[in-house]
Amino acid sequence: MPDQNKLPRFPSSPPRLRSARHGLLFLVAVVLATSPTTTQQLAAQQPATQQPAESPDENASRIAWWREAKFGMFVHWGVYSVVGGQYKGQELPNSAEWMMARGKIPIAEYEQYAKQFNPVEFDADKFVGLAKQAGMKYLVITAKHHDGFAMFDSKATDYNVVDFSPFGRDIMKELAEACQKQGIKFGFYYSQAQDWHHPGGFGNGWDKSIQRVSSDQYVSEKAVPEVRQLLTEYGPIGIFWWDTPRAMSEEAFNSLHSLTKLQPNVLTNDRLGEDFPGDYKTFERNIPRQAPQGKDWEVCMPISGSWGYKKSDTNFKSTRTLIRNLADIASKGGNYLLNVSPTGTGTLLPQAVERLEQIGQWMQTNGESIYGTTASPIGKPDWGRCTAKAIGDGTALYLHVFDWPQDGKLVIRGLENDVQSAQLLDGGQILSTQTVGDGILVSVPADPPNDDDSVIKLVVSGTPEVRSLLPTPGKDGVLELFADQAFIHNNEGSRDAGLREHDGIPHVGYWLDDQAWVEWEIEIRDPGVYRVSAVMSVQEPQTEFRVSVNDSQLAASVPSTGSYGRYTRRDLGTIQVSTAGRKSVRVIPTPGSWQPMNLRQLTLKREGKTDAD
Ligand code: FHN
């Protein structure tokens, strides 16, 4: 419980401090806060950041464990877990950890929940054991979420689990020790800009008792000391997971970013600041259709609907969905950070435990098809997914079969390698293979060993050689390219062009950004003149864009179709394709003349071809 001998609360109702020493520091910070360079001066106190840039080999070495791990546990746990996201008995919208904001709960009132936080059933060793049993190799937990409550023994404020709640134990310390004991990499989630308890944190626009101070002051007197404490007092930290970046001064950004030098091997995600790459890109709740090019990435996703424990949230994903998500993500080269939500008593709901145990059983048998694998070299087969791993002088292709072939024949289209072996991971049955016109055929038993995902380990000689499986015009010279086959560049989420649906038909929509463009990779086997048309809708009077096939292009100017919901096929003109081979087809807005359009498909039709040809 907070020490009543603590420093008096300052008139600006800032965070209460834990000792005279902190009070002095705070006074210094307050004095400095009057100068515009508080965080600048603070940044100057940081360890020298002028260290030589990391070499590619050093970077690869630092991230190697994460690329091997593939699968981790995310944990959202905090004050909101006490009431399961319910406020005065009412259900609040959205994820439970946002209840203070959704309920516009004043700080003084929300603090009462913190005073009830007492997860007496929490056992760090058992909790980490659940993650380990599920096959998870790392664990990232909310050290401080947007509500500002520290789930560790913060020295920057007594609004923390040790001083402010009846629990009085440092949960982060216990979890860090349990993870070290069990060989699980440990990491912190930290909301570095939003803080609804501190007068300088972003996000609390409802509590009128707050006497605002600058966000720089919040960073210098709370975020920086807390992040420094998390990176120096809890042993080796594998990941620092920043979240919800907000406009931050350069000084504030540097003062936070420079702290990661305190753990030279720590990995960080891309959410410290706008355009901050971090070590890997994060996607949230949804799996991208295509992997981002040339970067590491992770999908974080709640096992149910809410990140934090929410009483009304019964929307648990099935074990099948979770296993297939893991295979899908790994087949695209990403990591899966699956979130669980401890309750106010410190345990997981049975639905979560059951799923973790079932995933663990699958991982016991099939884990090698996930750990340390790389993206599919054969694209996304129609029967499931594929992951790959170099082994000796060959490559193991792990065929994740979701839809078991009724005729006992599984075809890997386009694969041209010699096969060394094929066997089921579950049970070890050796399978026969043969080369067929379309690729490699594996003869499989009548019934799959696992209805969710049966894995065949196909070992081939050398590195995968895959005949182009790119879309190519048919005998009639027609090639239809659909929105859900396209690679949407600049797809950073809802702000840019993304895959949408209308009447159940996918289209590239919300295309507000004229820097976003769309691409298909195709194969042309019959060079010549191709007529290009598009099925699209445009609401504005006109839009202009270019269509290119490698170096050949046409300029298109398309009038309104009447509304975004009214799709029409528009003839865009012709393009000369002079050579056969792999081509990139692109649709690129013409800046200045571009108006958003919804694009359902692009059609190329070889001129001079008839169906009879
Ligand atoms: O606002 C948070 C949210 O509560 C949750 O922590 C997720 C997890 O990635 N991140 C933010 C929303 O993007």
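The aromatic rings of Phe240 and Tyr190 sit tilted relative to each other, their planes meeting at an angle between 30° and 60°.
Side-chain atoms of Met597 and Val558, non-hydrogen and from C-beta on, never get closer than 4.5 Å to each other. Annotation: side chain of Val535 is not in contact with side chain of Thr568 (no heavy-atom distance under 4.5 Å). A heavy-atom distance below 4.5 Å is found between the side chains of Val455 and Trp362. Put simply, the side chain of Val353 reaches to within 4.5 Å of the side chain of Glu357, judged on heavy atoms. Pro245 places none of its side-chain heavy atoms less than 4.5 Å from the side chain of Leu272. Thr561 has its side chain within reach of Arg570: a pair of non-hydrogen atoms, C-beta onward, lies under 4.5 Å apart. Taking 4.5 Å as the limit, some side-chain heavy atom of Phe186 sits within range of a side-chain heavy atom of Ile237. Side-chain contact check for Arg600 versus Met536: every heavy-atom pair is 4.5 Å or farther apart.
Remark: of the listed residues Ile239, Val75, Leu337, Val75 is the sole one forming a side chain to side chain contact (heavy atoms under 4.5 Å, CB included) with Leu139. For the ring-ring contact (aromatic ring centres under 6.0 Å, His included) with Tyr280, the qualifying choice from Trp66, Trp297, Trp241 is Trp66, the only one to do so.
When atom types are taken as modelled, the side chain of Gln406 and the backbone of Trp404 share a donor-acceptor pair closer than 3.5 angstrom. Of the possible donor and acceptor atoms, one in the side chain of Gln293 sits under 3.5 Å from a partner among the backbone N and O of Ala291. The closest donor-acceptor contact from the side chain of Asp313 to the backbone of Ser306 lies under 3.5 Å. Side chain of Trp594 to backbone of Ile588: no donor-acceptor contact under 3.5 angstrom is found. Checked by atom type and distance alone, the side chain of Trp242 never pairs as donor or acceptor with a backbone atom of Gly273 at under 3.5 Å. Judged by distance alone, with hydrogens and angles left aside, the side-chain atoms of Lys70 form no donor-acceptor pair with the main-chain N or O of Lys137 at under 3.5 Å. Counting only distance, with no hydrogens or angles, the side chain of Arg320 and the backbone of Asp451 share a donor-acceptor pair below 3.5 Å. In this structure, Ser454 contributes its side chain and Asn450 its backbone to a donor-acceptor pair below 3.5 Å. Distance alone, capped at 3.5 Å, places no donor-acceptor pair between the Asn315 side chain and the Ser304 backbone. Side chain of Arg355 to backbone of Leu322: no donor-acceptor contact under 3.5 angstrom is found.
Asn269 contributes atom CG, which lies 9.0 Å from atom CG of Asp279 (distance to the nearest 0.5 angstrom). Atom CE in Met301 sits 8.0 Å away from atom CH2 in Trp307 (nearest 0.5 Å). Summarising the geometry, atom OG1 belonging to Thr387 is positioned 11.0 Å from atom NZ belonging to Lys457; distances are rounded to the nearest 0.5 Å. In this structure, CG in Asn325 is found 8.0 Å from NZ in Lys317, a value given to the nearest 0.5 Å. We find the CG-CD distance between Leu481 and Glu521 to be 11.5 Å, quoted to the nearest 0.5 Å. Once rounded to the nearest 0.5 Å, the distance linking CD1 of Ile412 with CG of Asn417 reads 11.0 Å.
Across Val466 and Pro377, no two heavy atoms sit closer than the pair CG2-O, 3.4 Å. Among all heavy-atom pairs drawn from Gln601 and Thr603, the shortest one is NE2-OG1, 3.3 Å. A pairwise comparison of heavy atoms in Val518 and Trp511 identifies CG2-CH2, 3.4 Å as the closest pair. For the residue pair Phe402 and Ala327, the shortest heavy atom distance occurs at CZ-CB, 4.0 Å. Looking at every heavy atom in both residues, Thr373 comes nearest to Lys389 through CG2-CE, 3.8 Å. Closest approach of Gly305 and Pro302 over heavy atoms only: O-CG, 3.8 Å.
For Lys185, there are no salt bridge (Lys or Arg N to Asp or Glu O under 4.0 Å) partners, not counting sequence neighbours. Asp270 meets the side chain to side chain contact (heavy atoms under 4.5 Å, CB included) test with Lys281, Thr282; sequence neighbours excluded. Residues satisfying the side chain to side chain contact (heavy atoms under 4.5 Å, CB included) test with Ser563, not counting sequence neighbours, are Gln539, Arg566. Take Ser376 and apply the side chain to side chain contact (heavy atoms under 4.5 Å, CB included) test, not counting sequence neighbours, and it matches Ile378, Cys386.
With hydrogens and angles left out, the side-chain atoms of Tyr567 and His502 include no donor and acceptor closer than 3.5 Å. Between Arg586 and Ser584, the side chains place a donor N or O and an acceptor N or O closer than 3.5 Å (distance only, hydrogens not considered).
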Can you list the steps and then say if Glu523 with Lys583 is a side-chain contact (heavy atoms from CB on, under 4.5 Å)?
-> CA-CA 6 Å; Glu523 181 182 9; Lys583 306 292 179 188; over 6 Å; no
Report the C-alpha separation of Phe545 and Leu572 in whole Å, then their side-chain angles, then the decisive distance to 0.1 Å, and conclude whether the side-chain contact (heavy atoms from CB on, under 4.5 Å) test is met.
-> CA-CA 10 Å; Phe545 53 91; Leu572 306 179; 4.0 Å; yes
Ring pair (Phe, Tyr, Trp, His ring centres under 6.0 Å) between His76 and Phe74, intermediate numbers included | CA-CA 7 Å; His76 277 66; Phe74 209 0; 4.8 Å; yes
For Ile359 and Leu338, run side-chain contact (heavy atoms from CB on, under 4.5 Å): C-alpha distance rounded to whole Å, both residues' side-chain angles, the deciding distance at 0.1 Å, then the answer.
-> CA-CA 11 Å; Ile359 294 170; Leu338 182 59; 4.0 Å; yes
Do Val140 and Phe188 pass the side-chain contact (heavy atoms from CB on, under 4.5 Å) test, and can you show the C-alpha distance, the side-chain angles, and the key distance before you say yes or no?
-> CA-CA 5 Å; Val140 178; Phe188 293 118; 5.9 Å; no
Quiz: residues 391-399 side-chain donor-acceptor pairs under 3.5 angstrom, not counting sequence neighbours:
{"residue": "Thr395", "atom": "OG1", "partner": "Gly462", "partner atom": "O", "Å": "2.6"}
{"residue": "Tyr398", "atom": "OH", "partner": "Glu368", "partner atom": "OE1", "Å": "2.5"}

Using distance only, find each side-chain donor-acceptor pair of residues 420-430 under 3.5 Å and give its atom names and separation, not counting sequence neighbours.
{"residue": "Gln420", "atom": "NE2", "partner": "Ser461", "partner atom": "OG", "Å": "3.1"}
{"residue": "Gln423", "atom": "NE2", "partner": "Gly428", "partner atom": "O", "Å": "3.1"}

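A salt bridge links Asp296 with Arg67; the closest basic N to acidic carboxylate O contact falls under 4.0 Å.
More than 12 heavy-atom neighbours from other residues, nucleotides or ligands sit within 6.0 angstrom of CG on Asp407. Heavy atoms from other residues, nucleotides or ligands lying under 6.0 Å from CD of Glu607 number more than 12.
Less than 6.0 angstrom separates the ring centroid of Trp65 from the ring centroid of Tyr138. Ring centroids of His257 and Phe276 are separated by less than 6.0 Å, placing the two rings close together. In this structure, the ring of Phe487 has its center less than 6.0 angstrom from the ring center of His489.
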